[in-house]
Number of protein chains: 2
Amino acid sequence: MSTTRKTHLVHLAGELFAEKGFRATTVREIADAAGILSGSLYHHFDSKESIGEAILSEFLTDVLAGYRDVDADDPRAAIEKVVRASTATLGRHRAALTMLQRDWNYFSAQPRFAYLREAMHEIEQVWITLLERGKRDGQFRPDLDAKLTYRLLRDVLWMPTSWRQGEGGWQPEEVVDGFLRLLFDGITARNGSTTRN
Amino acid sequence: MSTTRKTHLVHLAGELFAEKGFRATTVREIADAAGILSGSLYHHFDSKESIGEAILSEFLTDVLAGYRDVDADDPRAAIEKVVRASTATLGRHRAALTMLQRDWNYFSAQPRFAYLREAMHEIEQVWITLLERGKRDGQFRPDLDAKLTYRLLRDVLWMPTSWRQGEGGWQPEEVVDGFLRLLFDGITARNGSTTRN
DNA sequence: GAGCGCCGAGCAAGCGTTTGGGTACCATGC
DNA sequence: GCATGGTACCCAAACGCTTGCTCGGCGCTC
């Protein structure tokens, strides 16, 4: 393990957060996973929240970085790319996802995590811009409520990450494919061939 | 107030559960909302969990009752009906929804809430049956993964309920309509008119 | 000997819950 | 009219436990 001890501890804590959420996980459980006593954690972190912050901030910068190099000129391709980039990113950040879902109220209420709200807003803007542009280009239905659609999409997109790994035996790619087909074409059968590809 | 005091307390607790989740809500907060001391709650309930159980069981019987009178012969109409029935039901059970989302691990781990797993499984069967039948009838795409689709749909369907009321200024009907359009037709624009209706 | 990593023990606060008692109300029987 | 008992509801205080966190000290390595 070439990484520093602190990084390792964050990783261990992340696995617990990913399954139980932030608040539901105790510092003693984290310490147990590391094979040390709970008090010894405070040699590395000044609080439990800093562990959470380390996980959340890394996730946010990562997902925003993945958004930066999408080609906004083709909204449909961009959406697909963003979706696929997201799932790839989200797989590496299951802890952050679970925390944002289960403990959002807890974090967003604290001034310390103000950057959290800002980053989430930035993410929302990327999606809405793409959806709106797709509407203008005629690629997407003109009556689409961009913000509403984003909220629905985001939550679906994030949801499978929180499903226990291997629960349904789905690979991440299967979920993305199923999701994208649902997103672009719905569940209704086409009267000829499929629209996609 | 014709209803009994106990019912009123469950309702008050439910409002707190709907916003903070079950575990994150303390019995003292519930008591404060009722204007009494925390210990006085135990004159009506033998534990905090029985309050949660009262909310959850009522929800489950309610949603399952809404499923019973759908016409399974027309899967597409049935799905739409189930979706609309769900949103109507879910609006009246925001507390149960939040609890199932945020505290599912907590409840499902306890043998006391075994009926919870069973009821959820029953709900899943209704959906899967409809989706599979729609596939056979040619109404839905034949390559649809019924179980995966159900999981995605359920989570989307439940999600808006947990959005703080009036957050985006959406009425429940707007959310359902947006959801149904997304579900049947996707976001892609049709080359003629819309498929729906 | 300096610094990193951890132990051992404990603290204050918060949690769900228990206990014993008190108050108001209402019906009953004399 | 008035004591009697029962019921519904709540208070005040505490209990045992868990929580996040503190702090002095010990061992190890470079």
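Reminder, nothing fancy here: chain letters follow the sequence lines and each chain counts from 1.
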May I ask you to evaluate whether B:Tyr42 reaches the phosphate of C:dT18, defined as a side-chain N or O under 4.0 Å from OP1 or OP2?
-> no
Do side-chain atoms of A:Asp145 reach the backbone of A:Leu148 as a donor and acceptor pair under 3.5 angstrom?
-> yes
Once you round it to whole Å, what is the distance between P of C:dC15 and CZ of B:Phe22?
-> 14 Å
What integer distance in Å separates A:Asp32:CG from D:dG20:C1'?
-> 15 Å
Using whole Å, report how far CZ of B:Arg112 lies from P of C:dG16.
-> 15 Å
Roughly how many Å is it from CZ in A:Phe17 to P in D:dG20, rounded to a whole number?
-> 9 Å
In whole angstrom, what separates B:Leu41's CG from C:dG16's P?
-> 10 Å
May I have the distance from A:Tyr106 (atom OH) to C:dG14 (atom C1'), rounded to whole angstrom?
-> 13 Å
Would you mind reading off the distance between B:Arg23 atom CZ and C:dG16 atom P, rounded to a whole angstrom?
-> 10 Å
Are any side-chain N or O atoms of A:Thr129 and backbone N or O atoms of A:Gln125, one a donor and one an acceptor, separated by less than 3.5 Å?
-> yes
Below 3.5 Å, does any donor atom in the side chain of B:Arg28 face an acceptor in the base of C:dG14, or the other way round?
-> no
For the pair B:Lys135 (side chain) and B:Ala146 (backbone), establish whether a donor and an acceptor sit closer than 3.5 Å, ignoring hydrogens and angles.
-> no
Check: B:Ala18 main-chain N/O paired with B:Thr98 side-chain donor or acceptor under 3.5 Å | yes
Would you please test B:Thr4 and B:Thr7 for side chain to side chain donor-acceptor pair (under 3.5 Å) and show each step?
-> CA-CA 5 Å; B:Thr4 170; B:Thr7 313; 4.9 Å; no
Answer yes or no on whether B:Arg154 is positioned over the face of B:Trp158, meaning its NZ or CZ is under 6.0 Å from the six-membered ring centre and within 45° of the axis.
-> yes
What is the per-nucleotide protein-contact pattern of nucleotides 1-7 of chain C, from the 5' end, where B denotes a base atom under 4.0 Å from a protein heavy atom, S denotes such proximity for sugar-phosphate atoms only, and - denotes neither?
-> ---SBSB
Between NZ of A:Lys20 and P of D:dT18 the distance, given in whole Å, is 13 Å
